[in-house]
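Down below is the structure, laid out as structure tokens.
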Protein chains: 2
Amino acid sequence: MPRSTARREEILAVAGELFRQKGYHATSMQDIAERLQLQRGSLYAHIDSKEELLFDIVDRAADRFLAGIEQAWREGRTARERLRRALAAHMSVIAEHRDTASVFFHEWRFLRDDLRRRIQAKRDRYEARWRELVADGVQRGEFRPVDPRFAALLALSAVNWAYQWYSPEGPLSPEEVAGAFADLILQGLEAAPRADTSPEEPAG
Amino acid sequence: MPRSTARREEILAVAGELFRQKGYHATSMQDIAERLQLQRGSLYAHIDSKEELLFDIVDRAADRFLAGIEQAWREGRTARERLRRALAAHMSVIAEHRDTASVFFHEWRFLRDDLRRRIQAKRDRYEARWRELVADGVQRGEFRPVDPRFAALLALSAVNWAYQWYSPEGPLSPEEVAGAFADLILQGLEAAPRADTSPEEPAG
């Protein structure tokens, strides 16, 4: 039986929403079927298990985050620009896929060992790319000789935590949030004091 | 019947651990009783409901965070020092009460409206204190004229997110983590000290 892609997308969206709202353990296949106005049996025509849903949601989120930083690397010409782009890409994944982001951050730990290890490998690669980005900026002389672990972690924490407070209905676009964090972080990282001091010329 | 404080502490610790591990909704009073090798009935001699446990855990966490920043305000003489102390205090709450911190960040939203509002008020107060700390630093001329919302959020995000990765068994003490973040954040906030290499007076 061919599994309809559109239907599968719909199931993943509903599962993501329920996993975020109630938690993975507290959500049953019955809950998902009811929300979709499906029989539980019909659900199993599209999906094998609740865990498969969790894995799919989390795996896609990991891929989106990874694609964002890879694009930032390719398109940014300086470490500074890459950092800005990587922050913006991360914020846009969070803003556009809030259920998914929440499930990615919390519920993923309920995956069974082999699946969790596959996600862990992607998370590790993503974090490593952030550290490389900072280390590269230090090597180019764009950034001060900071510890790339903490600098990467500061940047990632800012945009990760956004899933807790950011609302697309609020006054700020994901780009504005990413830009504000980038300004603060870059100010702390940059090797030379920025020349954009106040335009006021000495009076007299 | 007098409720033993020690027993209550033990119940709160076990509930916090289970809420973090399985999620609030997926944890039953029966689970908590079993972990404590108690009859479910005996549990009710100490506690009225699962929600009371959740509220107590979350409310104490809120109080610990608030106490930390108030102490940082009192004891720090400069904005810079207050920020360092506030980061260290926050990290130490997270390091010492990891179950609690996790429940504070995630499970609190499952509280019923009136209880959740009480916690929200404390969270708001805490975040407001962070913004005041930054705004005060700007006013004193210690910090650049940054937007206190984002600067406070950057600092808070760094230490909030730590509950996801920090392990007391790891190589870093909570103080070291807080110190590393403080260095990066302050570097970005501080008004350039070299700004006093003021342009030479025309009259020289």
Side-chain angles (χ1 to χ4, degrees), chain A residues 19-28 102 105-110 123 127 134 143-144 146-147 149-166 172 176-190 192-198 200-204, chain B residues 19-28 102 105-107 109-110 123 127 134 143-147 149-166 172 176-195 197-203:
Chain A
F19 292 166
R20 180 182 66 77
Q21 280 169 6
K22 305 173 62 168
Y24 175 71
H25 281 315
T27 302
S28 67
S102 179
F105 290 135
H106 302 302
E107 311 301 321
W108 80 292
R109 65 207 166 96
F110 297 129
R123 295 175 84 108
E127 287 167 25
V134 174
F143 297 160
R144 295 184 299 115
V146 292
D147 182 335
R149 284 176 311 164
F150 280 106
L153 200 44
L154 178 65
L156 262 175
S157 300
V159 283
N160 277 342
W161 192 250
Y163 90 93
Q164 282 253 0
W165 62 267
Y166 181 74
L172 294 163
E176 285 170 320
V177 173
F181 282 138
D183 289 344
L184 285 166
I185 293 165
L186 285 169
Q187 190 82 27
L189 288 183
E190 280 171 333
R194 287 176 63 180
D196 62 350
T197 47
S198 102
E200 287 150 35
E201 291 298 322
Chain B
F19 292 166
R20 180 181 66 77
Q21 280 170 4
K22 304 173 62 168
Y24 175 71
H25 280 314
T27 302
S28 67
S102 180
F105 291 134
H106 301 302
E107 311 302 321
R109 65 206 166 96
F110 298 128
R123 295 176 83 109
E127 288 168 24
V134 174
F143 297 160
R144 294 183 300 116
V146 293
D147 182 336
R149 283 178 311 164
F150 280 107
L153 199 44
L154 178 65
L156 262 176
S157 299
V159 282
N160 276 343
W161 192 250
Y163 90 93
Q164 282 254 1
W165 62 266
Y166 181 74
L172 295 164
E176 285 171 320
V177 173
F181 283 137
D183 289 344
L184 285 167
I185 293 165
L186 284 170
Q187 189 82 25
L189 288 183
E190 279 171 329
R194 277 149 301 185
T197 61
S198 54
E200 286 149 37
E201 291 288 348

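A, B, ... follow the sequence lines: proteins, then strands. Residue 1 opens every chain.
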Quiz item: Which pair of heavy atoms, one from A:Gln187 and one from B:Arg144, lies closest together, and at what distance?
Solution: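 Smallest interatomic distance, heavy atoms only, reads CG-NH2, 3.1 Å.
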Quiz prompt | Shortest non-hydrogen separation from B:Leu154 to A:Ala158 and the atoms involved | solution =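 That would be CD1-CB, 3.6 Å.
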Practice problem: First locate atom CZ of B:Phe105, then atom CH2 of A:Trp161, and finally report the distance between them rounded to the nearest 0.5 Å. | Solution: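 With rounding to 0.5 Å, CZ (B:Phe105) is 4.0 Å from CH2 (A:Trp161).
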Quiz item: Going from CZ on A:Arg20 to CZ on B:Arg109, what distance comes out if it is rounded to the nearest 0.5 angstrom?
Solution: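 Here the interatomic distance stands at 6.5 Å.
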Practice problem: Could you check A:Leu184 against B:Asp147 for side-chain contact (heavy atoms from CB on, under 4.5 Å), going step by step and ending with a plain yes or no? | Solution: CA-CA 9 Å; A:Leu184 285 166; B:Asp147 182 336; over 6 Å; no
Practice problem: Describe, in one word, how the ring planes of B:Phe181 and A:Phe150 are oriented to each other, choosing from parallel (under 30°), tilted (30 to 60°) and perpendicular (over 60°). | Solution: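 It falls in the perpendicular class, over 60°.
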Exercise. Return the orientation label for the B:His106 and A:Tyr163 ring planes: parallel under 30°, perpendicular over 60°, tilted otherwise.
Key: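 Plane angle under 30°, so parallel.
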Self-check item: Which portion of B:Leu186 sits near chain A, non-hydrogen atoms under 4.5 angstrom
Solution: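 The answer is neither part of B:Leu186.
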Quiz prompt | B:Val177, part contacting chain A, at a heavy-atom distance under 4.5 Å | solution =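 Both the backbone and the side chain of B:Val177 come within 4.5 Å of chain A.
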Quiz prompt | Residue A:Gln164 versus chain B: region with a heavy atom under 4.5 Å | solution =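 Contact with chain B is through the side chain of A:Gln164 alone.
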Practice problem: Please state whether the side chain, the backbone, both or neither of A:Phe110 comes within less than 4.5 Å of a heavy atom of chain B. | Solution: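 For A:Phe110, side-chain heavy atoms alone lie under 4.5 Å from chain B.
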Quiz item: Which one, A:Gly23, A:Ala180, A:Ala155, leads in non-hydrogen pairs under 4.5 Å with chain B?
Solution: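 Between A:Gly23, A:Ala180, A:Ala155, the count favours A:Ala180.
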Quiz prompt | Verdict with reasoning, B:Leu153 to A:Trp165, per side-chain contact (heavy atoms from CB on, under 4.5 Å) | solution = CA-CA 10 Å; B:Leu153 199 44; A:Trp165 62 267; 3.3 Å; yes
